[in-house]
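Take a look at the structure set out below.
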2 protein chains.
Amino acid sequence: MGAQAQRTEEWADVTPDAARRLLTAAVEAFAERGYHATTTRDIAGRAGMSPAALYIHYRTKEELLYRISGVGHRLALGILRQARDGAGTPAERLADAVRRFVRWHAEHHTTARVVQYELGALGEEHYAEIVALRRDTDGAVRDIIEDGVAAGDFDVPDVRGTTLAVLSLCIDVARWFNADGKRTPGEVGELYASLVLRMVGCAEDS
Amino acid sequence: MGAQAQRTEEWADVTPDAARRLLTAAVEAFAERGYHATTTRDIAGRAGMSPAALYIHYRTKEELLYRISGVGHRLALGILRQARDGAGTPAERLADAVRRFVRWHAEHHTTARVVQYELGALGEEHYAEIVALRRDTDGAVRDIIEDGVAAGDFDVPDVRGTTLAVLSLCIDVARWFNADGKRTPGEVGELYASLVLRMVGCAEDS
DNA sequence: CGCACCCCTAAGCGCTTGCTCAGGAGGCGG
DNA sequence: CCGCCTCCTGAGCAAGCGCTTAGGGGTGCG
């Protein structure tokens, strides 16, 4: 699946068409240069429109970031919750969560970069809303690890610290992953799943 | 040791005094807001000077970032090389490297944030120079892991991937670490050292 | 056809940005 | 006292910023 197909799928429910084109253009630009170094003229230009067209669909440049951040965070949270609530042993569910979470960060690394590294540019209220989503993200991973500890499958002296480390490890994939590199998103997900199982002292590897 | 003492120690060899004040002001500002969102007026203001004073000591705003990035990368590389070339088993040396690398990222998290997350704002030539330093950083960690594998102490199927993951984990400390939080830099370093030993499949924990 | 509606553009406003430049304050050798 | 050197400031320039406004063209409905 090409990047184009990914994008239209990821933002499929954004209408009208021009608003979606502006959103995906903003994702690209923010990921490449960062929010503050991106101009509204650049975004509009990538979408094939004049700078003024942006303000018909979005009130400010910050609103674009907020929309992107919201969609991305809800998607990431959904992935982790689905893994947490799935069937299988805690080890299987943790591996599944990491595999899919990492895979998303690699496959959609442009979106993920904006989602994970540009939240500081959000306005105060929007920032607070996003931070709440991030707490839920943390909670989902912690739940799985606590299940594993309770079942006696994991050996984790510091649950909160280890949760933080696991999430940090996965998130940082968005920073270094390069689509032209030799690792596929699936391979990175597999590697990371096995590393994380080791981090929680899980007896058997999967 | 307070943040002030840390700063004067870290940048002790920058002279004259005004140039050092501007550098530390730039570190603070870049870490808080990011390079592009920081104005030269803000930097000069924090250093207690007029905007024009900045250009007596530095040719551009980018040169400030370059200087900070250079000092930071050389410091980080030094920490890892010292651990690599030290005495002890590969496990001891890897744990030492992670402990001190993470500790530095936590203690100097303002500097580290600039060093690790703002390199995209560097000019082309400066960027290439810094990327070379980062390759050396990767090499130092890989050396230790390869030693452990050769000695039969580590079980690492994918050395390059695991090296990448270990460094990524440590670097990301700069992003989330909060000086007001309940974990001290030393505690985080200790936790991360034990997690990394598990990642490399090291038989005994230290 | 007439007209309202939506989507878009050309032009530009007010402001901030990185950076420059002429000149002033203070120390120091003669 | 002078003249020089170092370090710094006040004022400001050209360019680029986010965003606004007045108006044009296409489409669908009566």
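Letters A, B, ... are given to chains in the order of the sequence lines, protein chains preceding strands, and every chain is numbered from 1. Just so we're clear, the structure is a prediction, and the values are computed from it rather than from any experiment.
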Report the residue (Ala37(A) or Arg59(A)) whose heavy-atom-nearest nucleotide on DNA chain D is the more 5′ of the two.
Ala37(A)
With a cut-off of under 6.0 Å to the ring centre and 45° to the axis, is Lys61(A) in cation-pi contact with Tyr66(A)?
no
Whole angstroms only, please: what is the [atom1]-[atom2] distance between [X] and [N]?
{"X": "Tyr55(A)", "N": "dG12(C)", "atom1": "OH", "atom2": "C1'", "value": "14 Å"}
{"X": "Ile43(A)", "N": "dG18(D)", "atom1": "CD1", "atom2": "P", "value": "8 Å"}
{"X": "Tyr58(A)", "N": "dC7(C)", "atom1": "OH", "atom2": "C1'", "value": "14 Å"}
{"X": "Glu63(B)", "N": "dG18(C)", "atom1": "CD", "atom2": "P", "value": "15 Å"}
{"X": "Leu54(A)", "N": "dT9(C)", "atom1": "CG", "atom2": "P", "value": "11 Å"}
{"X": "Asp17(B)", "N": "dC7(D)", "atom1": "CG", "atom2": "C1'", "value": "12 Å"}
{"X": "His57(A)", "N": "dT9(C)", "atom1": "NE2", "atom2": "C1'", "value": "12 Å"}
{"X": "Met49(A)", "N": "dA10(C)", "atom1": "CE", "atom2": "C1'", "value": "15 Å"}

Is any side-chain nitrogen or oxygen of Thr40(B) closer than 4.0 Å to OP1 or OP2 of dC19(C)?
no
Can a side chain N or O of His36(B) be found less than 4.0 Å away from OP1 or OP2 on dT17(C)?
no
From the list dC7(C), dT9(D), dC19(D), which nucleotide is the closest neighbour of the side chain of Ile56(B)?
dT9(D)
Side chain of Ser50(A) (C-beta onward), nearest among dC19(D), dT9(D), dT9(C):
dT9(C)
Report yes or no: is there a donor-acceptor pair, N or O only, under 3.5 Å between the side chain of Arg41(A) and the base of dG18(D)?
yes
Candidates Glu190(A), Glu92(A), Glu187(A) - the one meeting salt bridge (charged side-chain N to carboxylate O under 4.0 Å, His left out) with Arg99(A):
Glu190(A)
Look at all strands and tell whether Thr39(A) reaches a base, only sugar-phosphate, or nothing, counting heavy atoms closer than 4.0 Å.
sugar-phosphate
Taking all non-hydrogen atoms of both residues into account, name the closest pair between Leu22(B) and Ala44(B) and its distance.
CD2-CA, 4.2 Å
Electrostatic pair Arg175(B)-Asp172(A), nearest N-O below 4.0 angstrom:
no
